[in-house]
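For reference, the structure discussed in these notes is given below.
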Protein chains: 2
Amino acid sequence: MNETATRRRSEQAWSEHAEARISEAGLKRSVPRRKVIELLAGQDCAVTALQLDAELDGVGRATVYRAIEQLEDLGLIQRVDLGGSAHGYERLEPSGHHHHHIVCDDCGKVEPFEDEALEDAIHDIHRKGFKVETHEVTLHGHCQDCH
Amino acid sequence: MNETATRRRSEQAWSEHAEARISEAGLKRSVPRRKVIELLAGQDCAVTALQLDAELDGVGRATVYRAIEQLEDLGLIQRVDLGGSAHGYERLEPSGHHHHHIVCDDCGKVEPFEDEALEDAIHDIHRKGFKVETHEVTLHGHCQDCH
DNA sequence: ATCAAATTGAGAATGGTTCTCATTTACTAT
DNA sequence: ATAGTAAATGAGAACCATTCTCAATTTGAT
């Protein structure tokens, strides 16, 4: 199985998972929200609310923002700060598998990366009085083109 | 020497360092910008542009934002995303000493933390084509009061 | 088919940030 | 000191991202 096929299966798993969680939470399965979920399912990295809105015909902007808020509250997506003015959002896989980001502060280019040792170090952090659910790591610097 | 005295000395070192870097960059030493620097120097954790503006009489909002942009470009402060609508900013010590943040996604409470092993893991990350300058780590979860 | 509750879209309102521009201030060379 | 010049400023307009409002529609359970 190639990479594209693997990703397609994971997308499907996530959107089904998301729809199921929506129902469990007592919310209805509406068409516009499903469109938002499907679009998020197909992204490789973070997208902004306005990017989603621009891609979705027949879905109001308010609906996009509302869907994002609900998905975030249910732990299905995560907000990430990639340096610009708008926030990005990306899937949280049920498996826990995820990446972090490296950002060029000059041109704004964003690349995802994964690091096992980093994950281990983060999982070893325990703070009294806090139950940690997710985490976000961003490296800032300059890319080759801007250096 | 107690903690307060240690911090006071570090604040002073930072504001002097910041003023010096401002001059080196060919910028003038203006009174309003100095007020912004002094106020940033006295903070224990991240503050927003609007918080700075509210504290500073006789300094225009635009000046606060301009000062923040310049200080960020010079690597003297760092922007951090702490979950709310506005961005926070905090000093980057010349020594490299810094903390990260743990945020309660329910009430918005923010606590700083430090972790040596985490820093080591981050410093071991190398990405071809990128020169990493700074990094940001945020843990999200629920605090005792909200759990 | 009926009903109540959830959801929606359009647009207004808000909050945070950036821009504009005429005036003031800081540094440099006299 | 003084004058010249470029940087910096404040007030408010403008802008972008986000949230709110509300009447109309859709959904899921009866």
Side-chain angles (χ1 to χ4, degrees), chain A residues 18-40 46-74 76-90 105 108 110, chain B residues 18-40 46-74 76-90 105 108 110:
Chain A
E19 293 281 2
R21 296 296 224 94
I22 288 278
S23 284
E24 284 165 27
L27 303 174
K28 295 175 178 175
R29 293 177 180 242
S30 77
V31 172
R33 182 164 45 214
R34 174 151 45 235
K35 286 187 185 174
V36 174
I37 291 173
E38 290 307 322
L39 188 47
L40 276 166
V47 284
T48 67
L50 291 177
Q51 285 172 337
L52 292 172
D53 181 59
E55 294 281 327
L56 290 166
D57 293 336
V59 178
R61 182 160 300 181
T63 297
V64 173
Y65 279 101
R66 281 186 289 240
I68 286 173
E69 185 184 2
Q70 292 161 336
L71 292 170
E72 197 180 7
D73 286 347
L74 290 172
L76 295 163
I77 60 175
Q78 179 176 24
R79 167 176 138 177
V80 294
D81 179 16
L82 268 16
S85 45
H87 295 119
Y89 295 89
E90 58 188 15
D105 286 340
V110 175
Chain B
E19 293 282 0
R21 295 297 223 95
I22 288 277
S23 283
E24 284 166 27
L27 304 174
K28 296 175 179 177
R29 293 177 181 245
S30 76
V31 172
R33 182 164 47 213
R34 175 151 45 236
K35 286 186 184 174
V36 174
I37 291 172
E38 291 306 323
L39 189 48
L40 277 165
V47 284
T48 68
L50 292 177
Q51 285 171 338
L52 292 172
D53 181 58
E55 295 280 327
L56 290 167
D57 293 336
V59 178
R61 182 162 299 180
T63 298
V64 172
Y65 279 100
R66 281 187 286 238
I68 286 173
E69 186 184 2
Q70 293 160 336
L71 293 169
E72 198 181 6
D73 285 347
L74 290 172
L76 296 164
I77 60 175
Q78 180 175 24
R79 166 176 141 179
V80 294
D81 178 17
L82 268 18
S85 44
H87 295 119
Y89 295 90
E90 59 189 15
D105 286 339
V110 175

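For clarity, every value in this text was computed on a predicted model and none was experimentally measured. Chain naming here is simple, since letters A, B, ... match the order of the sequence lines and numbering starts at 1 in each.
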- Rounded distance [0.5 Å steps], CZ in B:Arg21 versus CG in B:Asp73: 12.0 Å
- Message: Could you tell me how far apart B:Glu24 (CD) and C:dC27 (P) are, to the nearest whole angstrom?
- Response: 14 Å
- Message: Tell me the interatomic distance from A:Ile22, atom CD1, to D:dT27, atom P, rounded to whole angstroms.
- Response: 14 Å
When you measure from the side chain of [X], which nucleotide among [options] comes out closest?
X       : options                : value
B:Arg61 : D:dA8, C:dT17, C:dG9   : C:dT17
B:Val31 : C:dA26, D:dA8, C:dG15  : C:dA26
B:Lys28 : C:dT7, C:dT25, C:dA10  : C:dT25
B:Ala62 : D:dA17, D:dG12, C:dC27 : D:dG12

Has [X] got a side-chain N or O lying under 4.0 Å from the OP1 or OP2 atom of [N]?
X       : N      : answer
B:Tyr65 : C:dT18 : no
B:His87 : C:dT17 : yes
A:Ser30 : C:dT8  : yes

- Task: Using a 4.0 Å heavy-atom cut-off across all strands, classify B:Gly58 as base, sugar-phosphate, or nothing.
- Result: sugar-phosphate
- Message: Given the structure, check if the side chain of B:Arg66 and the base of D:dG10 hold any donor-acceptor pair shorter than 3.5 Å.
- Response: yes
